[in-house]
Amino acid sequence: KNPDLDLLRHSASDLIVDHFPDGIPDEFNSRQVATTHGFLVVCADTRLESIAENREQLNRMPFIGYHRELIHHKLQQQALNELGLEPNWNAFVERVDAILALVGAGLGFSLVGSLDKNGPVSEKVRVIPMPDNPVQFSVHAVWKRAIPTHPLVEIALKFAPRLAGDLSPQ
């Protein structure tokens with residue numbers, strides 16, 4: 001499900017930066033500003049080298065997931081299915097920092113996205129790249145087609161990365 005574009009239509013917001021899995025309607029301007037990369041995260045002291053070699057172990061571990069109402073939950077479920085994993089869902093939280101804290105405390109594992117190609121950074125969490133077919137999602141800045149473009153949108157876009165994967169300000 002896409003982010004709520006009615007926020008733009010009804011001028012409740014001037015800019016939305018997010019992943020748009022259903023695409024972006026032609027009525028809006030958009031620019032890709034980043035790419036998120038998918039990773040498996042486990043507690044730093046967990047003995048696990050790859051997903052393919054440890055499916056049984058992972059299926060016995062609790063899974064720490066995003067709240068069911070967030071798009072991230074659906075993306076996690078799709079990734080689990082593609083990886084052949086069927087763990088028990090243990091907790092549902094809203095933020096990646098909460099997921100990393102629970103995983104770092106040894107309460108389970110998760111699949112998370114990161115703007116960093118090397119994955120999220122946490123001393124208590126080990127990051128394992130996705131096998132063979134890396135999971136990536138584009139992140140777009142989306143705004144109303146208006147002439148002229150709202151000045152605050154212009155300023156935000158000036159500082160947004162121009163190319164996916166380029167996180168340095170332009």
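Along the sequence shown, residues are numbered consecutively beginning with 1. Values reported hereafter were calculated over all heavy atoms of this structure, with side chains retained and with hydrogens, waters and symmetry mates removed. Everything numeric here is computed off the predicted structure, so don't read it as measured data.
Using a distance-only test at 3.5 Å, with no hydrogens or angles considered, a donor-acceptor pair links the side chain of Q76 to the main chain of L111. Within the 3.5 Å criterion, the main-chain N or O of L152 finds a donor-acceptor partner in the side chain of H150. Between the side chain of S13 and the backbone N or O of L15 there is at least one donor-acceptor pair closer than 3.5 Å. The backbone N or O of D45 sits nowhere less than 3.5 Å from a side-chain atom of R126 that would complete a donor-acceptor pair. At least one donor-acceptor pair under 3.5 Å links the side chain of R31 to the backbone N or O of A160.
L8 places a side-chain heavy atom less than 4.5 Å from the side chain of I16. Using a 4.5 Å cut-off on side-chain heavy atoms (C-beta onward), L75 and Q78 make contact. Between V41 and P120, some side-chain heavy-atom pair lies under the 4.5 Å cut-off. Using a 4.5 Å heavy-atom threshold, the side chains of V127 and N118 count as separate. Side chains of I64 and F109 form no contact here, defined as non-hydrogen atoms less than 4.5 Å apart. Between M61 and P87, the closest side-chain pair of non-hydrogen atoms is not below 4.5 Å. Using a 4.5 Å cut-off on side-chain heavy atoms (C-beta onward), N88 and P62 make no contact.
To the nearest 0.5 Å, atom OG1 of residue T35 and atom CG of residue L115 are 8.5 Å apart. R55 CZ to L85 CG: the interatomic distance, rounded to the nearest 0.5 Å, is 6.0 Å. Distance CG/L83 to CG/L40: 8.0 Å, rounded to 0.5 Å.
Between H73 and W89, the ring planes lie tilted relative to each other; the angle falls in the 30° to 60° range.
The 12-atom threshold is exceeded at CG of D6, counting heavy atoms of other residues, nucleotides or ligands nearer than 6.0 Å. Counted within 6.0 Å of CD on E154, heavy atoms from surrounding residues, nucleotides or ligands total more than 12; the atom is thus considered enclosed.
Neither F20 nor L70 shares a network with the other; the hydrophobic side chains, linked directly or stepwise wherever heavy atoms of I, L, V, M, F, W or Y lie under 4.5 Å apart, form separate groups for each. Note on V42 and L80: same hydrophobic cluster, where clusters join Ile, Leu, Val, Met, Phe, Trp and Tyr whose side-chain heavy atoms are under 4.5 Å apart, directly or indirectly. Tracing side-chain contacts under 4.5 Å through hydrophobic residues (I, L, V, M, F, W, Y), one never reaches V17 starting from I24; they form parts of separate clusters. Residues F137 and I71 are members of one and the same hydrophobic cluster, defined by side-chain heavy-atom contacts under 4.5 angstrom among Ile, Leu, Val, Met, Phe, Trp and Tyr.
Pairing each heavy atom of F28 with each of R145, the nearest pair is O-NH2, 3.4 Å. In terms of heavy atoms, W143 sits closest to D14 at CB-O, 3.3 Å. Scanning all heavy atoms of the two residues, the minimum distance from S30 to H140 falls at OG-CD2, 4.3 Å. What you find for F63 and S110 is that their closest heavy atoms are CE1-CA, 3.5 Å. Scanning all heavy atoms of the two residues, the minimum distance from S114 to G119 falls at OG-C, 3.4 Å. Residues P21 and H19 share a closest heavy-atom pair of CD-O, 3.3 Å.
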Verdict with reasoning, S11 to K144, per side-chain hydrogen bond (donor to acceptor under 3.5 Å, both in side chains): CA-CA 9 Å; S11 298; K144 285 170 71 171; 2.9 Å; yes
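In summary, the side chains of Q136 and T36 do not present any donor paired with an acceptor at a separation below 3.5 Å, with no hydrogens or angles considered.
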Solution key, residues 92-105 side-chain donor-acceptor pairs under 3.5 Å, sequence neighbours excluded:
{"unit_1": "R95", "atom_1": "NE", "unit_2": "D97", "atom_2": "OD1", "d": "2.9"}
{"unit_1": "R95", "atom_1": "NH2", "unit_2": "D97", "atom_2": "OD2", "d": "2.8"}

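At a threshold of 4.0 Å, the pair E27-R9 counts as salt-bridged, since one of the basic side-chain nitrogens sits closer than that to a carboxylate oxygen.
Within the structure, side chain to side chain donor-acceptor pair (under 3.5 Å) pairs that include any residue of residues 57-67 comprise N54-Q57 (at least two apart or interchain).
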